[in-house]
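Numbers for residues simply follow the sequence, beginning at 1. These values consider heavy atoms only, across backbone and side chains, with no hydrogens, waters or symmetry-generated copies.
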Amino acid sequence: GWLPAPLFYSFVFVFTVFVCTVLGADRDAVGQAKEESSSRERDPIVVTADAIRIHQTAPVFDGHNDLPWALRKSGSAVGKIDLRKNQPDLHTDIPRLRTGGVGAQFWSVYVPVSTATQNNALTTTLEQIAVVRELTKQYSDVFELAMTAEDVKRISGKGKIASLIGVEGGHSIENSINVLRQLYREGARYMTLTHSMSLDWADSSTDDPISGGLSPFGEEIIQEMNRLGMIVDLSHVSAACMRKALAITEAPVMFSHSSAHAVANHPRNVPDDVLLLTKQNGGVVMVNFFSDYVHPIDAARSLKRTARREKLNELYPDDQEKARSALRQWELKNPRSQRCTVHDLLDHIDHIVKVAGVDHVGLGSDFDGVPALPSQLADVSTYPVITQGLLDRGYHERDIRKVLGGNVMRVFEQVERVSSKLSQQK
């Protein structure tokens, strides 16, 4: 009753307008601040002395590099190319490996799935293993072949790059457990169960399923890998195969070059439920750098490209060159977004850490095996950019060391312990 009614309601109206205006302005300011903060977070990363220091004492252990096949595809034998010099046509050479702080590398001895139908998968795989061995001989002061986790520590401790062999695709064993054992004796320390083609014992993420994920023979393969001490690699396999393999294996698994499905919707990436299963298993997901698996827009384009390629193969079953030409025309009209940056890769690391924990993520670049990479991650010299990005996001140094290589070392050591236990039981 201290103001007449008309004046009271006028006061309320004016006050309400004032409050809404001020709060609206505050909300705009907050929104603008958030946008500016987000924009700053997406600015190019500037590597500091802290990141370099970490790399000097925490060498990178990368899960997947396709240099051996890149050399073969280019027609360059190991002896005809000088990796001590910069190689602009490759992602990998010795000076850039040194700049990137690489201390251990799984070299992929990939061979195309077409070798399975040509009955020369094993022969070609052995030739690729010979390439890795030749690299370690020609550059013996830089590379040394590692067979055990202890070898990795010893070799990297000497300032050399521990070189390990990873078989990319179970087609290489030609449906033979004896061949699996042979490849282990030749130095293979992981095998990716499939590549792009489903096998009659394991399903690929990019082919029609024929094995229900994993067949009984596929289970035998995993059990033998556990016994041998060969890491089970679940990159490239279907989600059903991932789940079945994780239910069978007694040792931790790895995804040598896969990213998070929740961040970029691509079948090559790992779903959240599998991330949780990997945490329970003690395994590690090593994020892939390929733009099609990292950036959501590029992932969507990649799926459309796959559908177009399959359609063209149906239209021109007897003219593969015509199908390839038509696909190239589609690619010219539908280019990648060119928006993928190192920040998108860091988003994958963040997501895996959020779901599975920081003990279960690593780096699996796929250098020299992919046609497009995030900005600031052009080659093997750029790992410190990731380290700096993690520092910028508030990661503690001890956790960054896990991501750079500590986690995959733990997996390797645990796989060896399981192998020792199983061998004693037999």
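Looking at V403 and V287, their side chains never come closer than 4.5 Å, going by heavy atoms from C-beta outward. Contact check for L145 versus D151: no side-chain heavy atoms found under the 4.5 Å cut-off. Between R133 and I129 the shortest side-chain heavy-atom distance falls below 4.5 Å. Side-chain atoms of E127 and V109, non-hydrogen and from C-beta on, never get closer than 4.5 Å to each other. Within the 4.5 Å cutoff, the side chain of M286 has no heavy atoms near those of the H360 side chain.
S198 places no side-chain N or O within 3.5 Å of a backbone atom of D203 that could act as its donor or acceptor partner. Listed for the S176 side chain is no donor-acceptor partner under 3.5 Å among the backbone atoms of I173. Judged purely by atom type and a 3.5 angstrom limit, D344 has no side-chain atom pairing as donor or acceptor with the backbone of V294. A distance-only check finds no donor-acceptor pair linking the side chain of N86 to the backbone of P95 [under 3.5 Å].
Judged by distance alone, the side chains of D379 and S381 do bring a donor and an acceptor atom under 3.5 Å apart. When only modelled atom types and interatomic distance are considered, H266 and S302 share a side-chain donor-acceptor pair under 3.5 Å. Remark: the H261 side chain and the Y293 side chain contain no N/O donor-acceptor pair separated by less than 3.5 Å. A donor and an acceptor atom, one from each side chain of Q388 and D392, are located under 3.5 Å apart. Between the side chains of T125 and S172, at least one donor N or O lies within less than 3.5 Å of an accepting N or O. For the 3.5 Å distance criterion, the side chains of S163 and E144 fail to qualify, holding no donor opposite an acceptor. Counting only N and O atoms by type, the side chains of D66 and S108 include a donor and acceptor under 3.5 Å apart.
A salt bridge links D292 to R336: at least one charged side-chain nitrogen sits closer than 4.0 Å to a carboxylate oxygen. R401 has a carboxylate O that lies under 4.0 Å from a charged side-chain N of E397, or vice versa, which qualifies the two as a salt bridge. R328 and E321 are joined by a salt bridge, as a carboxylate oxygen and a charged side-chain nitrogen come within less than 4.0 angstrom of each other. Between D350 and R393 there is a salt bridge, since a side-chain N of the basic residue sits under 4.0 Å from a carboxylate O of the acidic one. For the pair R301 and D298, the salt-bridge criterion is not met [side-chain N within less than 4.0 Å of a carboxylate O].
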Check: For K160 and D141, what are the C-alpha separation, side-chain angles and deciding distance, and is it a salt bridge (charged side-chain N to carboxylate O under 4.0 Å, His left out)?
Finding: CA-CA 7 Å; K160 297 168 72 173; D141 58 321; over 6 Å; no
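For the ring-ring contact (aromatic ring centres under 6.0 Å, His included) with F367, the lone residue among F106, W107, F289 that qualifies is F289.
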